[in-house]
Amino acid sequence: MMNDARNQAKCKSQSDNPVDWRGHGPPWIRAEHWDSLVNYWNTDKWKNNAKIAKENRITQGQDGEMKKHTAGSVSFVTTKKRLEKDMDRPMSQLELFSHVHKTNHGLGDFIDKKSKRVYDKYKSSIEFKYGTDRDNQPEFDPDSWINAVNGPSKGRIYGFGPRQPVSHVLGTPASPRRSILAHDIMSNEDVNKLKSELASARNTIEENNERIANLTVRLERVEKNHNVELRDTVRNMLRELNIPNTQFPSSSGSRNNDI
């Protein structure tokens with residue numbers, strides 16, 4: 001948006017000099033704010049940074065690549081969510097990479113040699129580890145991807161966009177399309193063993209609950225007996241001292257008998 005605003009200011013002022021752009025800002029920027037931006041764009045620091053950025057954008061890589069992907073200004077995360085909604089299923093990193101690094105919405109050729117090399121290397125790696133059946137392959141295998149792109153560069157990993165740091169990428173677990181991978185499928189013996197352990201644990205819980213209930217009943221009985229013995233002791237003491245008993249009457253007689 002700012003780039004478009006600058007281009008429009010150039011056309012209106014018919015000048016490449018930022019000083020002449022004053023008063024030609026877009027309606028969504030206040031005039032004083034626009035003039036402040038113009039003053040900044042006219043500094044040597046900004047001009048040098050703009051020159052360096054322009055040179056970086058047209059610098060070819062080792063495979064002659066310049067254009068990095070076809071997703072435009074939309075983040076890879078947003079692109080993936082949109083595609084998964086259209087496909088009505090999870091999208092693997094290989095499918096996403098192919099879509100944003102091929103022309104014609106993923107149906108044409110790769111945009112450069114590097115993207116094709118990474119795609120082929122990663123695809124070969126996961127097919128070797130998990131087989132060619134896509135349902136048995138993970139949505140993303142960090143180790144295979146790091147190996148395919150030759151490791152991180154400047155805190156980023158190729159193929160995930162400039163906004164995804166290494167920690168986010170490597171923190172993504174290799175989740176399979178199914179609930180488990182083929183090599184994680186358990187045998188019937190293992191399943192029966194787990195069922196037996198679960199039943200044993202449940203029995204232990206029930207036994208502990210029953211034991212707690214019994215102990216609770218015993219404790220209540222002991223406390224009740226203790227209270228009865230204590231009351232009898234107090235009554236006897238009051239009787240021996242010839243003190244009227246108004247606090248601990250006998251359960252079988254009237255209070256006048258407990259003197």
Side-chain angles (χ1 to χ4, degrees), residues 75-78 80-82 84-85 87-94 96 125-126 128-131 133-147 152 155 157 160 163-259:
S75 70
F76 282 18
V77 175
T78 302
K80 183 179 181 182
K81 289 181 180 179
R82 176 178 58 81
E84 287 181 334
K85 184 178 181 180
M87 298 165 61
D88 195 25
R89 65 171 177 82
M91 189 179 199
S92 70
Q93 169 62 15
L94 191 64
L96 176 62
S125 178
I126 62 173
F128 177 78
K129 294 172 67 174
Y130 306 105
D133 188 348
R134 192 182 65 181
D135 288 336
N136 292 332
Q137 297 173 357
E139 292 181 16
F140 175 55
D141 185 334
D143 294 334
S144 296
W145 189 264
I146 291 298
N147 182 56
I157 294 182
F160 284 84
R163 299 180 181 178
Q164 293 294 325
V166 174
S167 58
H168 288 185
V169 177
L170 296 184
T172 304
S175 55
R177 296 178 183 277
R178 296 177 179 173
S179 59
I180 50 179
L181 291 175
H183 61 269
D184 287 333
I185 296 178
M186 303 181 69
S187 64
N188 290 334
E189 181 180 354
D190 292 332
V191 172
N192 292 333
K193 184 178 179 181
L194 285 178
K195 289 181 178 179
S196 177
E197 292 178 356
L198 178 60
S200 177
R202 287 175 175 171
N203 291 335
T204 301
I205 293 174
E206 293 176 357
E207 291 174 358
N208 287 337
N209 290 337
E210 184 177 356
R211 184 181 180 189
I212 291 173
N214 292 335
L215 289 174
T216 301
V217 172
R218 289 177 59 187
L219 178 60
E220 292 176 350
R221 187 182 298 118
V222 169
E223 289 179 342
K224 182 178 180 180
N225 293 335
H226 179 72
N227 291 335
V228 171
E229 292 177 358
L230 181 61
R231 286 197 298 268
D232 291 341
T233 300
V234 173
R235 288 197 197 100
N236 292 332
M237 292 177 62
L238 293 174
R239 188 178 294 110
E240 292 176 359
L241 297 173
N242 203 18
I243 298 175
N245 180 7
T246 59
Q247 298 296 325
F248 301 97
S250 174
S251 60
S252 59
S254 64
R255 292 184 179 180
N256 294 329
N257 295 331
D258 292 325
I259 302 176

Taking all non-hydrogen atoms of both residues into account, name the closest pair between Asn136 and Tyr130 and its distance. O-CB, 3.7 Å
Please enumerate all residues that pass side chain to side chain contact (heavy atoms under 4.5 Å, CB included) together with Lys85, with sequence neighbours excluded. none
Looking at residues at least two apart in the chain, or sitting in another chain, which of them share a side chain to side chain contact (heavy atoms under 4.5 Å, CB included) with Leu215? Arg211, Arg218
Set of side-chain hydrogen bond (donor to acceptor under 3.5 Å, both in side chains) partners for Ser125, sequence neighbours left out: Ser144
Contacts of Asn147 meeting side-chain hydrogen bond (donor to acceptor under 3.5 Å, both in side chains) (sequence neighbours excluded), chain-then-number -> none
Mind listing the side-chain donor-acceptor pairs of residues 196-210 below 3.5 Å, one per line with the distance, residues two or more places apart or on another chain?
unit_1: Asn203; atom_1: ND2; unit_2: Ala199; atom_2: O; d: 3.3
unit_1: Thr204; atom_1: OG1; unit_2: Ser200; atom_2: O; d: 2.9
unit_1: Asn208; atom_1: ND2; unit_2: Thr204; atom_2: O; d: 3.3
unit_1: Asn209; atom_1: ND2; unit_2: Ile205; atom_2: O; d: 3.3

